[in-house]
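Below is one structure, written out as structure tokens, with a few remarks after it.
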Amino acid sequence: MSIQLSEQEQIRRASLTKLRELGIEPYPAAKFPVNTLTKDIKDNFEEGKEVILAGRIMSRRIMGKASFAELKDSSGRIQIYINRDEICPDEDKTLYNEVFKKLLDIGDFIGVKGVLFTTQVGEQSVKIKEISVLSKALKPLPIVKTDDEGKVHDAFSDPELRYRQRYVDLVVNDHVKDIFIKRTKLFNAMRQFFNDKGYLEVETPILQAIPGGAAAKPFITHHNALDIPLYMRIANELYLKRLIVGGFDGVYEFSKNFRNEGMDRTHNPEFTAMEIYVSYKDYHWMMEFTENLLEFCATQVNGTTKAKFGNHEIDFKAPYKRVTMRQAIIDHTGFDIDGKSEEELRKACLDMGIEVDDSMGKGKLIDELFGEKCEGNYIQPTFIIDYPKEMSPLCKQHRDNPELTERFELMICGKEVANAYSELNDPIDQRERFEEQLKLSEKGDDEAMFIDNDFIRALEYGMPPTSGLGIGMDRLIMFLTNNQSIQEVLFFPQMKPEKKAVELSENARKIFISFSGKKQYSIEMVKNSLEISNKAIDKANKELTSKKIVRFNKEELVYEFI
RNA sequence: GACUUGGUAGCUCAGCUGGUAGAGCAUUUCACUUUUAAUGAAGGGGUCCUGGGUUCGAAUCCCAGCCAGGUCACCA
């Protein structure tokens, strides 16, 4: 809560005024004729070439009548050289002595015209002929320095500040931008892969009357005109399937989903999934499709199929191993779930020290077993296939085993990255599955799925055999950029609101500063100790009252701090 | 939700068993026409997260709260 501006902010505001007094507009309206990016300069360095570029001053080294500074634009940084007599050829040296040396600061945007040259120590630089102010920064940037060995000093590293003020993070921490460029590359790569195959990118509702397609707690909102509750989508699956019913062969959507659940290193309340549905395919086809997709994406993003994640090196090169869930459990526990009853499974879980409760059915027990004992062991991309039916209410029954479904999940470093089915298109089976979900929710499972009757009606008109795939985009980009936290791959991760800084007028602030140490103050006290007019005192007191900083005590005729 | 670590100058951080608040960078003034973590000299800058308590005295100890990170639990 900064009631007052810091010293540095005050100085910058004073510089702003002085610039205007010198006839220099610190926020000019006209376009600036940039013709080069710093990256182009470095890639095609040509001694003596004239360039016009613009960017932010990131550091300054002033040496009397000549200075060096670092200019940063969208493509990188370059050193500029400013010589007093080059930019001020006439008698008047104000532009250098006052404007550049005194009134400009780190963080300001400037535009420059100059010629390329190499310094005595071999640094490619721009010798400035003309300089213009493009935008004055009123807050000082954190100063991050890098030495000869590339070691970073005083990094801007406080996660709270970095996430709340991502704009600052992006300015001073160059590597942060790369993560987000890769993120966009990933989306573009997927779009290209799908579009090349003729699949159609679509948009489906984010506000849904029935939040379907996944088991999760939704955010709820209200539509005033219709006077009904609406939910932010937790998934878009059921809408994409309606489009398959409608006759599209392949549809996909990058879907911002919203789940009203806990937040941690791998969960943000809003996150992005990609879902794709292709008709006349099954989950075997989809596995091949998925491994080819990921191999393509990894190559597009990183230029290689290999990616480092923590201590692991992952290889996205297809094909990936396929392991049935039954086999996975046998491999890691020695226990065979095949043909076991609910009681036998519960006992097995208990024997292995896994917490279970009565609301858990067979499927949930198997899922726990897998989650506890197996999941973490799959480092390289691995398809886990054939999940129990109870856990997968939208998935087609396995062609060989009625207790299983035709489902796979892709595990990487023990985390689920993708989930896919041979989609359930039997409307009668689908209704029964939904009803089983209803029973589960009555049994205490608070995130079993709702019944979506319109979706069943759509299936009753007939949906071709279809396979669908969902990919957690945030998770995937974490793997491709070696980030352990989802916050690092979202521009603006969710945060609790900052405490509001109390902004006060000058007089209100004076009163606050003078008397906030006491519990209360009277108008007389203000009159006696501060030189403020009666009218101004009244105004300031009203302000403090309306901001609920003080309240007026009618009995004692004093203002009390709340 | 539980446990745990942290919150001190614009930024990064020190601050011992309680005794007038510290450094580096940034900033201000001065010097310096090829520096690059520029350099040299001098100065300014603080609601020590907030509120209580203990104490002659609290950045420091205790309690409560706020915010953030980590671990765990929950969780498509």
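Chain letters run A, B, ... following the sequence lines, proteins first and then strands; every chain starts at 1. Computed from a predicted model, the values in this text were never measured in an experiment.
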Query raised in the report: Does atom NZ of A:Lys113 have more than 12 heavy-atom neighbours from other groups under 6.0 Å away?
Result: no
Requested in this report: May I ask you to say what A:Arg407 touches in the nucleic acid, namely base, sugar-phosphate or nothing, with a heavy-atom cut-off under 4.0 Å?
Outcome: base
Query raised in the report: Got a sec: does the CG of A:Asn311 have more than 12 other heavy atoms crowding it under 6.0 Å?
Result: no
Query raised in the report: Quantified in whole Å, what is the C1' atom distance between nucleotide B:G19 and nucleotide B:C72?
Result: 42 Å
Query raised in the report: When the aromatic ring centroids of A:Tyr277 and A:Tyr252 are compared, is their separation below 6.0 Å?
Result: no
Query raised in the report: Quick one: A:His153 NE2 to B:A23 C1', roughly how many Å, whole number?
Result: 16 Å
Report task. Please list, by residue number, the residues of residues 233-240 of chain A whose heavy atoms come closer than 4.0 Å to an atom of RNA chain B; answer none if no residue qualifies. Result -> none
Requested in this report: Could you tell me whether A:Lys72 and A:Asp174 have a side-chain N and a carboxylate O separated by less than 4.0 Å?
Outcome: yes
Report summary line: Exactly one of A:Glu253, A:Glu270, A:Glu275 clears salt bridge (Lys or Arg N to Asp or Glu O under 4.0 Å) with A:Arg233, and that residue is A:Glu253
Query raised in the report: Counting only heavy atoms not in A:Lys415, do more than 12 sit closer than 6.0 Å to its NZ atom?
Result: no
**Report entry** Integer-rounded Å distance: B:U29 P and A:Leu103 CG
**Finding:** 10 Å
Query raised in the report: When A:Asp85 is tested against each of A:Lys93, A:Lys65, A:Lys127 for salt bridge (Lys or Arg N to Asp or Glu O under 4.0 Å), which residue passes?
Result: A:Lys93
Requested in this report: Indicate, with a heavy-atom threshold strictly under 4.0 Å, whether A:Gln487 touches base, sugar-phosphate, or nothing.
Outcome: sugar-phosphate
Query raised in the report: What is the distance, rounded to the nearest whole Å, between atom CG of A:Asp264 and atom P of B:C75?
Result: 12 Å
Requested in this report: Determine: side-chain N/O of A:Arg265 to OP1/OP2 of B:U71, distance under 4.0 Å, yes or no.
Outcome: yes
Query - Length of the line joining A:Gln10:CD and B:U28:C1', which is rounded to integer Å - result: 13 Å
Query raised in the report: When the P atoms of B:U17 and B:C11 are considered, how many whole Å apart are they?
Result: 28 Å
Query raised in the report: Does the pair A:Asp73 and A:Arg56 meet the rule for a salt bridge (Lys or Arg N to Asp or Glu O under 4.0 Å), with working shown?
Result: CA-CA 6 Å; A:Asp73 69 7; A:Arg56 217 188 256 277; over 6 Å; no
Requested in this report: Between protein and nucleotides 3-13 of chain B, map the contacts as a letter string: B base, S sugar-phosphate only, - none, heavy atoms under 4.0 Å, written 5' to 3'.
Outcome: -------BSSS
**Report entry** P gap between B:C56 and B:G69, integer Å
**Finding:** 41 Å
Query raised in the report: Of all the choices, B:C75, B:G69, B:U27, which nucleotide is nearest to the side chain of A:Met495 once you look at every atom?
Result: B:G69
Requested in this report: May I ask you to check if A:Arg60 and A:Phe100 form a cation-pi contact, with NZ or CZ under 6.0 angstrom from the six-membered ring centre and within 45° of the axis?
Outcome: yes
Query raised in the report: Relative to the 5' end of RNA chain B, which residue comes earlier, A:Lys102 or A:Ser59, by the nucleotide with the nearest heavy atom?
Result: A:Lys102
Query raised in the report: When rounded to the nearest Å, what value does the distance between C1' atoms of B:U8 and B:G46 take?
Result: 8 Å
Query - Atom-to-atom span, CD of A:Glu86 to P of B:U35 - whole angstrom - result: 17 Å
Requested in this report: Just name whichever nucleotide pairs with B:C13, Watson-Crick or G-U, keeping both distances under 3.5 Å, else none.
Outcome: B:G22
Query raised in the report: Closer than 4.0 Å, any side-chain N/O of A:Arg61 to the OP1 or OP2 of B:A38?
Result: yes
**Report entry** Option passing salt bridge (Lys or Arg N to Asp or Glu O under 4.0 Å) with A:Asp452 (candidates A:Arg433, A:Arg242, A:Lys241)
**Finding:** A:Arg242
Query - Closest contact, heavy atoms only, A:Lys39 versus A:Ser75 - result: N-OG, 2.9 Å
Requested in this report: Take atom C1' in B:G57 and the same atom in B:G18, then report the distance between them in whole Å.
Outcome: 8 Å
Query - C1' atoms of B:A37 and B:U5, separation to the nearest Å - result: 30 Å
Query - Salt-bridge criterion met for A:Arg77 and A:Glu70 (N-O under 4.0 Å) - result: yes
Requested in this report: May I ask you to list the residues of residues 116-130 of chain A, by number, that have any heavy atom positioned under 4.0 Å from an atom of RNA chain B?
Outcome: A:Phe117, A:Thr119, A:Gln120, A:Val121, A:Glu123, A:Lys127
Query raised in the report: Whom does B:G6 pair with, Watson-Crick or G-U wobble, provided both distances fall under 3.5 Å?
Result: B:C67
Query raised in the report: Starting at the 5' end of RNA chain B, which residue's closest nucleotide do you reach first, A:Gln79 or A:Lys101?
Result: A:Lys101
Report task. Please determine, for B:G1, whether a Watson-Crick or G-U wobble partner exists with both distances under 3.5 Å, and give it or none. Result -> B:C72
Requested in this report: Could you tell me whether A:Arg407 sits above the aromatic face of A:Tyr387, with NZ or CZ closer than 6.0 angstrom to the six-membered ring centre and within 45 degrees of the axis?
Outcome: yes
Query - Integer angstrom distance from the C1' of B:G10 to that of B:G52 - result: 31 Å
Query raised in the report: How many Å lie between CD1 on A:Ile82 and P on B:U34, as a whole number?
Result: 14 Å
Report task. Decide if the gap between the ring center of A:Tyr283 and the ring center of A:Tyr421 is smaller than 6.0 angstrom. Result -> no
Query raised in the report: Can you tell me how far C1' in B:G53 sits from the matching atom in B:U20, rounded to whole Å?
Result: 23 Å
Query raised in the report: Rounded to the nearest Å, what distance is computed from the CE atom of residue A:Met63 to the P atom of nucleotide B:U36?
Result: 8 Å
Query raised in the report: Can you check whether A:Lys145 has a side-chain N or O nearer than 4.0 Å to OP1 or OP2 of B:A26?
Result: yes
Query raised in the report: Between B:C66 atom P and A:Arg164 atom CZ, what is the distance in whole Å?
Result: 14 Å
**Report entry** Pair assignment for B:U33, Watson-Crick or G-U wobble, requiring both distances under 3.5 Å
**Finding:** none
